[in-house]
Amino acid sequence: MSTTTSEMAVVAPNLESTPITQAAHAPQVEDESMSSEDEMPLKKINGAGAGQKRAGGGGSSSSSGDDKPLSKKPRVSNGGATASRKRRIIASDSDESDAGPSVKKEPVPTPKANGVSKPRSSNAKKVTPPSDSDLSEDERPLAKKKATPNGKATPNGNGGSNGKAKPKAKKPVTSGSESESESSPEESSEDEKPLAKKKVAAKPRKSAGSAVATPAAKKKTTMVKAESDSEVDDVPLAKGKGSKGKTKAEEKKPVVKKEKKVKEEEEDEDKYKWWEQQEAMGNGEVKWTTFEHNAVLFPPPYVPLPKSVKMKYDGVPLTLPPESEEVAGFFGAMIETDHARDAKFRENFFRDFKAVLEQYPPKEDVKVKSLEKCDFKPMFEHFEREKEKKKAMTKDEKKAIKEAKDEMEAPYVFAMVDGRKEKVGNFRAEPPGLFRGRGEHPKKGTLKHRLRPEDIVLNIGKDAPIPKPNIPGEWKGIQHDNTVTWLAYWKENVNGNAKYVFLSAGSSWKGQSDRAKFEKARDLIKHVDKIRKDYTEDLKSKVMADRQRATALYFIDRLALRAGNEKGEDEADTVGCCSLRYEHVTLSPPNKVIFDFLGKDSMRFHQEVEVDHQVFKNIKLFKAEPKKKGDDLFDRLTTTLLNKHLNGMMPGLTAKVFRTYNASWTFQQQLKNTPKNGTVAEKIAAYNTANRDVAILCNHQKTVSKGFEASFAKAGDKIRALKYQRMKLRLQLFSLDPKIKKKKPELAEDESDLDDEFFERHESDLLERALDAAKKKFEKENMKLEEEGQKKKGKPDLDERLKEIKAEFKELKKERKSKKVEPRKGATEEKLLEQIAKMDERIATARVQLEDRDKLKDVALGTSKINYIDPRLTVAWAKKYDVPLEKLFSKTLREKFPWAEAEADAKWVF
DNA sequence: GCCCAGACTTAGTAGAATGGAC
DNA sequence: GTCCATTCTACTAAGTCTGGGC
């Protein structure tokens, strides 16, 4: 189903779909009369969407309340399958005064879990709108001269209204709607020259293996070369398997289940509850005193394929040495994927494959020169057969394999930190393969080498036994740095990036860090009013750098954009706020900005948003000549500068805190739509809707699954099948009582969405199924007769039955065409009406579910739940609405957030 | 002040596990 | 019990941010 421009459900307080004129009364002044936080309108600016109805009615509510976070945002799925959606983030346009997005009502004090009331942002005071003089100041040109691309000043073009000197704007490059020709870049007192930051050149990274140890290690720790005769820790750190090791069969046995429960409870008691320990909450430069672990588990060595499985070159089967066969197999396993069809991926793979072939050539005297002539199909088919074999294994076989695997991995599953057992995250060394870079990554398809102990540096306690690698070799190095949390480190060969082994997400280190992150976001609540007020003022600053910073901050706050560090040439061309370029932003007067760029993971961010007039003006200024495609929009801003500024406003504040803050805040607001008296399912639906709103805000996308179209169409057919049944019920009713059409005219209406094509297809499906069922029944009956030693029925019996069925379906068709259906046996008007009502309910439910599926098809809910939404909100909500937490958090999430479960009660607020 | 490495968080995806319909 | 769709988990790529070196 293709989606064209569609209005997103409003999630955030500041977005709305109402025209700007309706939303005009920006929250300049707090509405002191506002009632409790729960009743507060989602303040600000735009409030109109589904969640923001409060702003709609009288309009006045739009200006107050809690618009702190910006919420909802429409998004476009990657690749343009979904058209851009409009979004407003402007507060007010009734005047030029920039009520700013940030003015808001003072939230009620937030009782913290520890019982101490946390002061919330104070904004009871009125915010004074900019005076006329401010405005006139603003209108004054910032710069008299325009800069040329080479940095030389040129006479500024001017024009525009009010006789102000404004530069002539170049024609919009990307959009016909953009009318920058009228633009008048105000002159900056200091610097109107675009500095045009250049893309960072490819980092001259050291190749993997060149470093002996991390600089930090060099500095802070004693680095010791691993010795071959180092003490071997033969005793597994883990006492047993993780819970994962338990089989389904075991779980089903009540006794085992009980034992398991007792064990879990005991383990639970054993667990380190760091959130109860005051000292554990400190900022802690020193992370550990003693640290033991078994490092990483290397994958098993390559096992050559059966001799009969060979790739072909130009039709000739090649006998490859294991080294080159393994690489061929990496590609062979992928030939049906998009990667293998991607030109860059193929190019990089083939370059590396050829290099390996140089060293390990095929036995046959064949020179592999073209990837097109390579036929990996025999390999692919072999892998498929292996998969099938694995799938076809018995339960016991699968169980035995799993047990063996668990046993082998057991020593690596846990580490000991200061005497406590902590789960390790990614203890398996990454196996070799082909680099699956995302988007247009220039290195995708490159061969990732097999890791050896010589590639890996360990970080471990001084007195801990040095683990022995599970394959021959010696560790690259050993260090004892207790200020970091990683267990092992290596540099991968493709990009020269560092890779680390850390403890799992459920460990105390990660938990503490997570909690601190959310506490910081909550701390921002106290500062956000001031920050918004400041950046709103700075939108008009005469200093170009400040004006750019304010504008970027406006986007980070309002649109939840990422900071946007600079990237190298050897990476995919993706951007964030500070690295936006000229071509990523298009203006559409009077106040719309269209963003279209690739963000993290090459996910497309495509939104049309209404912005504050001053922001619109600023973008026009930042895009003014001589800037051109390829130049930085914010040429005087870097993430470092931005974060330095933020840190000055609140210690520890960085750009990314806004995402956490806005996500959690939005979620909290949206949860207010939970139906208090609804069923658990309805409450969970409200929870998921709030979750979805946050995911949309953060632009968390997923690929629409391959089978979605078909599955969606099938579900649509299921609904039509229900309608078909409803139609038959109606027609029976009319036969029973022709007058009912007049008594209940709504029943006289035909079901929507049913046409002859569907009828034919559906009836033929039904017939097919009925015939199959009859055949199966016949066979079953015969088997039974045979078992009982009786004479089996013959084919004529079956044929007779099939003939009857066909006749029945013929009759059905006739009934449908004549619109006259004989009432079935026992049918009464009352019963039929009841059945129709039930059918209506089923149809409505199915339709809602279908719509929901469509809305969620490209939205990833997990990321925001895992990283951005304070888990205490979920815990509190579950308690408040009496919804079992396990319906909201999977096992791993509960393991990740035990501190939230302990801390939040039903009244907890963000 | 810039550049870069280092350390850590955030992200989408593949494949396994689970669960519901038939 | 099987099939199919959905959910969960593991994996690892791709970000952010800090701080050291020059």
Side-chain angles (χ1 to χ4, degrees), chain A residues 78 200-201 203-206 211 213-220 244 248 287 334 337-339 387 390-391 398 402 425-428 430-431 433 435-439 441 443-444 448 459 481 483-486 489 491-492 494-500 502-505 509-510 513-514 517 562-568 571-572 574-576 578-579 599-603 638-644 646-647 652-657 659-660 695 698-703 705 707-708 710-712 714-715 718 769 773 853 856 858 860-864 866-868 889-893 895:
Chain A
N78 195 6
V200 178
K203 290 177 206 162
R205 286 173 172 139
K206 290 175 198 160
T214 65
K218 280 182 196 159
K219 230 185 112 210
K220 300 176 193 165
K244 273 173 74 186
K248 203 173 168 185
K287 316 274 187 191
M334 298 169 83
T337 67
D338 289 343
H339 292 300
K387 269 190 217 165
K390 205 176 150 194
K391 224 170 154 184
K398 285 181 189 167
K402 190 169 184 334
N426 51 329
F427 59 80
R428 296 174 195 90
E430 290 180 17
F435 173 64
R436 296 178 182 218
R438 295 171 187 163
H441 198 297
K443 296 198 173 171
K444 58 184 167 181
K448 272 176 65 173
N459 188 43
D481 183 354
T483 66
V484 296
T485 64
W486 52 268
Y489 153 99
K491 262 195 175 175
E492 49 94 8
V494 178
N495 298 294
N497 288 335
K499 297 273 189 158
Y500 297 88
F502 290 110
L503 291 185
S504 74
W509 286 341
K510 296 282 187 187
S513 161
D514 243 12
K517 171 183 76 184
R562 294 187 187 83
N565 285 316
E566 290 182 20
K567 295 187 73 183
E571 299 171 275
T574 63
V575 298
C578 295
S579 48
K600 184 176 178 180
D601 291 310
S602 295
M603 289 292 129
T638 64
T639 52
T640 307
L641 286 173
L642 177 65
N643 283 336
K644 268 188 187 157
L646 290 173
N647 191 55
L653 182 63
T654 62
K656 92 185 180 76
V657 179
R659 263 168 88 83
T660 313
C698 296
N699 200 38
H700 290 146
Q701 307 186 22
K702 68 176 183 195
T703 302
S705 67
F708 182 83
S711 147
F712 191 77
K714 205 173 156 188
K718 271 190 175 173
R769 268 189 264 168
R853 265 181 71 190
L856 287 173
D858 57 355
L861 300 188
T863 309
S864 49
I866 294 167
N867 300 300
Y868 288 106
F889 280 169
S890 65
K891 184 171 151 261
T892 33
L893 274 189
E895 280 170 7

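Each chain gets a letter, A, B and so on, in the order the sequences are listed, and its residues count up from 1.
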Between P of C:dC11 and CD1 of A:I866, the distance in whole Å: 15 Å

Nucleotide B:dT9, atom P - distance to CG of A:L503 in whole Å: 11 Å

Along DNA chain B (nearest heavy atom to each residue), the more 5'-positioned of A:K644 and A:T863: A:K644

Residue A:A860, side-chain heavy atoms: nucleotide from B:dA11, B:dG12, B:dC8 that is nearest: B:dG12

With sequence neighbours excluded, residues passing salt bridge (Lys or Arg N to Asp or Glu O under 4.0 Å) with A:K448: A:E430

Euclidean distance, A:K567 NZ relative to A:T574 OG1, rounded to 0.5 Å: 3.0 Å

A:Y868 side-chain N/O to B:dA11 phosphate OP1/OP2 under 4.0 Å: yes

Whole-Å gap separating C1' (B:dA7) and CG (A:N459): 11 Å

Contacts of A:F427 that satisfy ring-ring contact (aromatic ring centres under 6.0 Å, His included) - sequence neighbours left out: none

Interatomic distance, A:K387 NZ vs B:dA14 P [rounded to whole Å]: 11 Å

Side chain to side chain contact (heavy atoms under 4.5 Å, CB included) partners for A:N643, two or more places apart: A:L646, A:T654, A:A655

Sequence-aligned protein contact record of nucleotides 13-18 of chain C, with B where the base is within under 4.0 Å of a protein heavy atom and S where only the sugar-phosphate is: SBSBBS

Residue-phosphate contact under 4.0 Å: A:T703 side-chain N/O, B:dT13 OP1/OP2: yes

Among B:dT13, B:dC8, B:dA17, the nucleotide that comes nearest once only the side chain of A:K702 is considered: B:dT13

A:S513 or A:K390, whichever maps to the more 5' nucleotide of DNA chain B: A:S513

Integer-rounded Å distance: B:dG12 C1' and A:L861 CG: 13 Å

Nucleotide B:dT9, atom C1' - distance to NZ of A:K510 in whole Å: 7 Å

Residue list, salt bridge (Lys or Arg N to Asp or Glu O under 4.0 Å) with A:K390, at least two apart or on another chain: none

Side chain to side chain contact (heavy atoms under 4.5 Å, CB included) partners for A:I866, two or more places apart: A:L893, A:K896

Distance below 4.0 Å between A:S890 side-chain N/O and C:dT9 OP1 or OP2: yes

Distances for protein N or O near nucleotides 2-6 of chain C N or O, under 3.5 Å:
residue, atom, partner, partner atom, Å
C:dT6, OP1, A:R853, NE, 3.0

Whole-Å distance separating the CD atom of A:Q701 from the P atom of B:dT10: 19 Å

Parallel, tilted or perpendicular, as decided by the 30° and 60° cut-offs, for the rings of A:Y489 and A:Y500: tilted

CG on A:L503 to CH2 on A:W509, rounded to 0.5 Å: 5.0 Å

Spacing between A:W486 atom CH2 and B:dT9 atom C1', to the nearest angstrom: 18 Å

Residues which pass side chain to side chain donor-acceptor pair (under 3.5 Å) with A:S890, listed by chain and number, not counting sequence neighbours: A:T892

By side chain to side chain contact (heavy atoms under 4.5 Å, CB included) - contacts of A:R436 (at least two apart): A:M334, A:H339

A:R428 vs C:dT9: side-chain N/O to OP1/OP2 distance below 4.0 Å: no

